[in-house]
Every structure is written in structure tokens, then in C-alpha cells.
Amino acid sequence: MKIVTKNINIQNEIFTLTNQRALFWKKEKALILSDLHIGKTAHFRKNGIALANQIMKNDLERLSILIEYFQPEKFIVVGDLLHAGDNSDVDEFCTWRNQYKDLEFYLIEGNHDKISKKLELKLCLNSKSKFLEINDFVFVHDFEKEQLKFQITGHIHPGFVINSVVKKIKLSCFVVSENQLLLPAFSEFTGLDTKNLPKSGRFYVFTDSEIYEI
């Protein structure tokens, strides 16, 4: 796996975008991502759709490589850590999480995060909340119009369409507007929304080898 990075300046702070669907904030030593949807493949299997759990294993392997690369002290998930409550995939995630006991784990609750007290303890969360404020930034799963601070959000699973000679290609991306940084879905097992995106945004589209500003 190749990690490609691109630094951007927001509110006089440097954030590092990666082609691995995650963001790093060096000043806060924070690895930031959204929409892991842990348990989605197990949920599909439970409902009779045969999917290998290698999909989730690949996501966790990418996450481990990012942790080794950036050496963060904080791990911030901007919503939809889970997909459908507790299941066998969540057990596997918790085993993975226990490798990083010193990593502070912050969850901003998303629409899929139906987490009981028992499950909260199992996930070894340091914090679970509807939003998280750090300095001039607020982390919230879905954009809130009434919020005055700059928002770092998820939920949309943003995508960008590139028209090639042969076909249209959809790629994951970050979107930055005047008051929002929209994160891509970290899990590769998600659809992409190319329509419900911030207006007048700058798109940072990535491939395995490059990040393009559009």
C-alpha cells in the first residue's frame, strides 16, 4: 500500500490529506476519518448475501499502516464507526483496537452508531459524543447549518466523476468549502454520492498514486 499525502491550510492550520481516505492533523497528533461501517459485511451475510469479511480486514490493515506511518496519539472517527450494531465483525474490530491501547479513541456519533453502554465499553472508547470541538474546529457527522465554527464532517461518502474516453469513473474525494471539510468514507465497501456535496467546494480526488486538486 502506497501512502500519498497533500497538505492543505484551513483556518491557519495544516491538515494532511491522504489517498487512503484519512486525514492527519499534525498539531493535534490526530488521525481523522469517517464512515468505517464496521459490521456491514457481517450484516449482509446474516441476511443471506455472501460477502467475504476480507473487505473489513483490508480496511483495518490500511488503518494499521496509517497509524504506523503517522504515529498519532488521537484517533477520531467522525461518525458511522458501526453499520448495524454488534456482530462478529465488531468483535474483530475490538481485537484490532486492543493493539493500540495508548491511542485515544474519540467517536462522534453517526446515524448508524446505535451503541449500548455494554457495546461502548467493548469498543474501548475514550469519548462518545454528538460533536467534538478542538480549537476553532467542530467535528460532527453531518453538516449543521446553524454551527458557526468550521466543521469537519462525514456521512455523504463524497465522490467525483471523471469522464474518460471509454467510460465514466467515480473516485472518492475530500471536499473543502468555506466552512466545511467533508471526509471520504474510509471503508471501500460504500457507495459514492456525486450530487449532494458542498457548493463551491474544492475537490481533492485521489487514486493509488496521486491526489489531484480540482
Side-chain angles (χ1 to χ4, degrees), residues 1 3 18-25 30-70 72-132 139-142 152-159 172-174 182-193 206:
M1 183 184 97
I3 297 177
T18 78
N19 68 330
Q20 298 302 327
R21 301 171 178 243
L23 175 76
F24 185 64
W25 188 1
L31 184 65
I32 303 160
L33 47 96
S34 183
D35 297 276
L36 276 83
H37 289 278
I38 296 296
K40 189 173 183 178
T41 52
H43 177 71
F44 274 62
R45 288 194 298 273
K46 183 179 178 180
N47 288 277
I49 301 172
L51 287 173
N53 72 344
Q54 188 61 40
I55 296 170
M56 190 192 72
K57 290 179 185 295
N58 291 344
D59 286 341
L60 294 182
E61 182 179 350
R62 284 172 35 239
L63 191 45
S64 289
I65 292 171
L66 286 165
I67 289 170
E68 291 168 13
Y69 184 87
F70 287 110
E73 294 178 359
K74 301 184 185 78
F75 174 42
I76 300 173
V77 178
V78 191
D80 286 357
L81 169 68
L82 305 183
H83 183 77
D86 199 358
N87 59 31
S88 58
D89 282 356
V90 175
D91 292 336
E92 189 167 343
F93 172 80
C94 291
T95 300
W96 172 89
R97 157 67 176 139
N98 285 331
Q99 299 176 77
Y100 306 100
K101 293 184 182 296
D102 294 332
L103 190 61
E104 296 179 9
F105 186 6
Y106 298 84
L107 173 63
I108 291 85
E109 295 173 88
N111 52 297
H112 281 273
D113 292 317
K114 312 302 182 188
I115 297 175
S116 65
K117 287 292 183 182
K118 181 179 178 181
L119 181 52
E120 184 176 345
L121 289 171
K122 180 178 174 180
L123 289 166
C124 301
L125 297 172
N126 293 89
S127 170
K128 178 173 71 73
S129 57
K130 293 293 184 183
F131 63 90
L132 173 68
F139 297 84
V140 61
H141 185 54
D142 197 10
I152 297 176
T153 70
H155 184 55
I156 301 296
H157 308 178
S172 240
C173 63
F174 298 84
L182 173 59
L183 302 171
F186 186 79
S187 176
E188 294 183 348
F189 187 38
T190 56
L192 296 178
D193 189 336
F206 50 85

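Predicted model only: the values in this text are computed from it and were never measured.
Closest heavy-atom contact between Trp25 and Ile32: CB-CD1, 4.0 Å. Heavy atoms only, all atoms of each residue included: Thr190 and Ala185 are closest at OG1-CB, 3.4 Å. Annotation for Gly159 and Leu192: closest pair CA-CB, 4.1 Å, computed over non-hydrogen atoms. For Phe93 against Met56, the heavy-atom pair with the smallest separation is N-CE, 4.5 Å. Closest heavy-atom contact between Gln20 and Ile3: CG-CG1, 4.3 Å. Of all the heavy atoms in Met1 and Ile65, the pair that sits closest is CE-CG2, 3.3 Å.
Taken to the nearest 0.5 Å, the SG atom of Cys124 stands 13.5 Å off from the CD atom of Glu104. For the atom pair CD1 (Ile108) and NE2 (His155), the distance works out to 15.0 Å, reported to the nearest 0.5 Å. The OG atom of Ser34 sits 8.0 Å away from the CG atom of Leu182 when rounded to the nearest 0.5 Å. To the nearest 0.5 Å, atom CD of residue Glu92 and atom CG of residue Leu60 are 6.5 Å apart. Here CG of Leu81 is found 9.0 Å from CG of Leu33. Values are rounded to the nearest 0.5 Å. The distance from the CG atom of Leu121 to the SG atom of Cys94 is 10.5 Å, given to the nearest 0.5 Å.
Looking at Leu82 and Asp89, their side chains never come closer than 4.5 Å, going by heavy atoms from C-beta outward. Residues Pro158 and Phe174 fail the side-chain proximity criterion, which asks for heavy atoms closer than 4.5 Å. Contact check for Leu31 versus Leu63: side-chain heavy atoms found under the 4.5 Å cut-off. By the 4.5 Å heavy-atom criterion applied to side chains, Thr18 and Phe206 are not counted as neighbours. With contacts defined as side-chain heavy-atom distances shorter than 4.5 Å, the pair Leu103/Arg97 qualifies. Between Leu23 and Leu183, some side-chain heavy-atom pair lies under the 4.5 Å cut-off.
Ring planes of Phe70 and Phe24: parallel class, angle under 30° (limits at 30 and 60°).
Environment of CD in Glu120: crowded, with over 12 heavy atoms of neighbouring residues, nucleotides or ligands closer than 6.0 Å. Annotation for Phe131: atom CZ does not count as buried by contact number, only 12 or fewer foreign heavy atoms lying within 6.0 Å.
Proximity of a side-chain donor or acceptor of Asn126 to a complementary backbone N or O of Tyr106 within less than 3.5 Å is not detected. Distance alone, capped at 3.5 Å, is enough to place a donor-acceptor pair between the Arg21 side chain and the Ser187 backbone.
Using modelled atom types and a 3.5 Å distance limit, the side chains of Tyr100 and Ser64 yield a donor-acceptor pair.
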* Start with the C-alpha distance between Leu119 and Val90, add both sets of side-chain angles, then the distance that settles side chain to side chain contact (heavy atoms under 4.5 Å, CB included), and finish with yes or no. => CA-CA 9 Å; Leu119 181 52; Val90 175; 3.9 Å; yes
* **Verdict with reasoning, Leu107 to Ser127, per side chain to side chain contact (heavy atoms under 4.5 Å, CB included)** => CA-CA 6 Å; Leu107 173 63; Ser127 170; over 6 Å; no
* **Val78/Leu132 under side chain to side chain contact (heavy atoms under 4.5 Å, CB included): CA gap, chis, key distance, verdict** => CA-CA 9 Å; Val78 191; Leu132 173 68; over 6 Å; no
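Between His141 and the options Thr153, Asp113, Asp80, a side chain to side chain donor-acceptor pair (under 3.5 Å) holds for only Asp80.
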